[in-house]
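In what follows, a structure is listed as structure tokens, so that the remarks can point back to it.
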Amino acid sequence: TQEKYSLVYLLFLVMPFSWVLNSAWFLQYNGNFLISSVCSILGSLATFILAYFFLEKNDGYAIAIMCLVSSAAINGLLTFISSVRYLDKIKILKPFVVIKDGRDIFISQMISALYTMSGVLIVSYFYGSAQSGIYAAIERFMNLFISLGILTHVAAYPKLTVIFNNDFKK
């Protein structure tokens, strides 16, 4: 049981750190939608590969937790590394001062993230590690396709806006 709790602590330490590093919003702000999507896809692919190769070789919560952690960590690191080249300097701010005005949005996003992240642990608890690994792999693979769909939508959005504005003015 000590190993199980150590892995849960890993989950609760790495996940928030990866959320802090995740700079997809900054990449999107600078118009780098492709880089943001590629980072997300690489994180999902890494999780899929991890679950595929190690699912039958390991029993317990290890694969479920590593699948959760690896995708977020890879995505967070890649988006942060990609974003650093657009910055002159990195400034660390006090988090509560920054989120004071957007506290309600922050809380709703945090609850949503916790809810969506808990699926693998719940499946693992009720059905075991094999099913949770399969669930995590399928979920990440599904997120890969969702990311591709979002990328297409985001790429088409500026053109659709121009068309809409031209039609609206007529």
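Along the sequence shown, residues carry numbers from 1. All values below were derived from every heavy atom in this structure, side-chain atoms included, with hydrogens, water molecules and symmetry-related copies excluded.
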Transitive ILVMFWY side-chain link Leu34 to Tyr29, under 4.5 Å:
no
Do you reckon Leu21 sits in the same ILVMFWY cluster as Tyr86, going by side-chain contacts under 4.5 Å, direct or chained?
yes
Return yes when atom OH of Tyr127 has more than 12 non-hydrogen atoms of other residues, nucleotides or ligands closer than 6.0 Å, and no otherwise.
no
Spacing of OG belonging to Ser40 relative to CG belonging to Asn75, to within rounding of 0.5 Å
5.0 Å
Taking Thr79 for its side chain and Leu77 for its backbone only, find out whether a donor-acceptor pair lies under 3.5 Å.
no
Inter-residue atom distance Ser36.OG - Phe33.CZ, 0.5 Å rounding:
8.5 Å
CD1/Ile81 to CD1/Ile35 distance, rounded to the nearest 0.5 angstrom?
12.5 Å
Rounded to the nearest 0.5 angstrom, the CG-CG distance for Asn30 and Leu87 is 8.0 Å
Return yes if some donor-acceptor pair links the side-chain N/O of Asn22 with the main-chain N/O of Ala24 below 3.5 Å, else return no.
yes
Once rounded to the nearest 0.5 Å, what's the spacing between atom CG of Leu27 and atom OG of Ser82?
5.5 Å
Identify the two heavy atoms, one from Leu42 and one from Leu78, that lie closest to each other, and give their separation to 0.1 Å.
CD1-CD1, 3.8 Å
At what distance, to the nearest 0.5 angstrom, does OG of Ser71 lie from CD1 of Ile41?
11.0 Å
